[in-house]
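Note that the structure is predicted; figures quoted are calculated from it, not measured. Starting from 1, each residue takes its place in the sequence as its number.
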Amino acid sequence: FLNAGAHVLVEKPIATTMEEADDLVALARQTGKVLTVGHQERFVFARTGLLDLAETPLEITCWRQGPWTGRGDDVSAVLDLMIHDLDLVHTLVQSPVAEVTARGTTQYGPHADEVAAEVTFANGTVAYLDTSRIADSRKRGFRAVYADGVVEIDFLTREITNTTPRPLAELEMGDPLGDAVASFVAAARGEIAPLVLPEQAAQAVETALLIEEAA
């Protein structure tokens, strides 16, 4: 589509290998067309104002768990589910990955259905990510520890706990898919810059593949 002169919105992840991701990033630059990725959670977070904070968290914990549905089993739970959280973590922590450790469980195979990972960044921030598509119940949340407080979000109850001095808006789920499409159309028209750049999506894939390898 890029070669044909079209702007492109691709569902997450941008690719399943770094070679493919890098090729798409290079092609978007070469053609000058908009290439953005459907990391819809970014729009949910953007509404709270959390992505606008200048401070970097010291520690981040993300959990995303649910029962088996058979959906997305052509890839691991990392590329299917954890990729959302990796995109958010990289948006909040502007620092290279220094170390990755992980463990995984495969129940339905051939890809890992449950993965827990620890990602340490060069600036010292540590992210703990726990993802499962074979859990007994749904759990979905986020916790960020800052030097002056903690922000915790329960996505199921839509409750935000914020002990930092910086105000945050209430969690409004809205229509993230609709927001992503509308943002893409506006970017294609040249009205705004894409919220999710292909380079950012490729970075999330790179870390996801490191976690898969470690697990």
Side-chain angles (χ1 to χ4, degrees), residues 1-2 6-57 60-62 64 72 75-100 117 119-123 125-129 131 142 144 151 153 155 176-213:
F1 281 104
L2 290 168
H7 302 289
V8 175
L9 166 63
V10 60
E11 183 52 276
K12 61 79 193 168
I14 187 172
T16 56
T17 69
M18 281 313 298
E19 181 180 7
E20 292 174 347
D22 290 340
D23 285 349
L24 283 173
V25 170
L27 187 56
R29 291 174 179 169
Q30 176 185 330
T31 60
K33 296 300 177 181
V34 171
L35 172 61
T36 188
V37 181
H39 282 291
Q40 298 158 22
E41 297 282 19
R42 188 91 73 88
F43 292 87
V44 176
F45 264 61
R47 290 195 194 97
T48 67
L50 188 64
L51 301 183
D52 299 325
L53 300 183
E55 293 77 12
T56 299
I60 300 175
T61 305
C62 303
R64 186 179 298 265
V75 294
S76 74
V78 178
L79 285 172
D80 178 29
L81 300 175
M82 189 185 286
I83 194 74
H84 288 295
D85 299 316
L86 289 172
D87 172 68
L88 294 173
V89 167
H90 275 294
T91 304
L92 292 170
V93 184
Q94 302 293 318
S95 179
V97 171
E99 184 179 3
V100 172
V119 180
T120 303
F121 293 86
N123 68 347
T125 297
V126 181
Y128 302 95
L129 305 106
T131 297
F142 166 91
V151 173
I153 301 175
F155 286 98
L177 176 58
D179 289 345
V181 173
S183 176
F184 165 62
V185 172
R189 289 173 172 165
E191 299 169 357
I192 62 172
L195 181 63
V196 182
L197 300 176
E199 292 86 354
Q200 295 171 325
Q203 185 179 43
V205 169
E206 183 175 21
T207 305
L209 295 177
L210 289 174
I211 290 172
E212 283 193 337
E213 183 179 357

Could you walk me through whether Thr131 and Val78 pass the side-chain contact (heavy atoms from CB on, under 4.5 Å) test, one step at a time? CA-CA 7 Å; Thr131 297; Val78 178; over 6 Å; no
Closest approach of Leu2 and Val34, non-hydrogen atoms and distance? CD2-O, 4.2 Å
Minimum heavy-atom distance Val205-Ala15, with the two atoms named: CG2-O, 3.6 Å
Any side-chain to backbone donor/acceptor pair from Thr125 onto Pro57? Under 3.5 Å, distance only. yes
State the OG1-CG distance between Thr16 and Leu209, to the nearest 0.5 angstrom. 8.0 Å
Between the CG atom in Asn123 and the CD atom in Gln94, the distance rounded to the nearest 0.5 Å is 10.0 Å
Residues 179-204 vs ring-ring contact (aromatic ring centres under 6.0 Å, His included), sequence neighbours excluded, gives none
Closest non-hydrogen atom pair, Leu24 against Ile14: CD1-O, 3.6 Å
Residues in side-chain contact (heavy atoms from CB on, under 4.5 Å) with Ala122, at least two apart? Ser95, Pro96
Is any side-chain heavy atom of Leu129 less than 4.5 Å from a side-chain heavy atom of Val119? yes
Within residues 10-19 or reaching into it, pairs that qualify as salt bridge (charged side-chain N to carboxylate O under 4.0 Å, His left out) - sequence neighbours excluded: Lys12-Asp80
Who passes side-chain contact (heavy atoms from CB on, under 4.5 Å) against Glu206, sequence neighbours left out? Met18
Evaluate side-chain contact (heavy atoms from CB on, under 4.5 Å) for His7 paired with Thr36, printing each intermediate quantity in order. CA-CA 9 Å; His7 302 289; Thr36 188; over 6 Å; no
Please walk me through it: do His84 and Phe142 pass ring-ring contact (aromatic ring centres under 6.0 Å, His included)? CA-CA 12 Å; His84 288 295; Phe142 166 91; over 10 Å; no
Ignoring hydrogens, what is the shortest heavy-atom contact between Ala127 and Val89? Give both atom names and the distance. CB-CG1, 4.0 Å
With Glu41 via salt bridge (Lys or Arg N to Asp or Glu O under 4.0 Å) - residues at least two apart: Arg64, Arg140
Calculate, to the nearest 0.5 Å, the distance between atoms CZ and CG belonging to Phe43 and Leu177 respectively. 10.0 Å
Atom pair CD1/OH of Ile60 and Tyr128 - distance to nearest 0.5 Å: 11.5 Å
Is the backbone of Leu27 close enough, under 3.5 Å, to the side chain of Thr31 for a donor and an acceptor to pair up by distance? yes
Roughly how far apart are Phe45 CZ and Asp87 CG, rounded to 0.5 Å? 10.0 Å
Tell me the closest heavy-atom pair linking Pro176 and Val44, and the distance in Å. CG-CG2, 3.6 Å
Return the CG to CD1 distance between Leu86 and Ile211, rounded to the nearest 0.5 Å. 4.5 Å
Counting only pairs under 3.5 Å, give me each side-chain donor-acceptor contact of residues 191-204, with atom names and distances, residues two or more places apart or in other chains.
unit_1 : atom_1 : unit_2 : atom_2 : d
Glu199 : OE2    : Arg29  : NE     : 3.1
Glu199 : OE2    : Arg29  : NH2    : 3.1
Gln200 : OE1    : Arg42  : NH2    : 3.3
Gln200 : OE1    : Leu197 : N      : 2.9

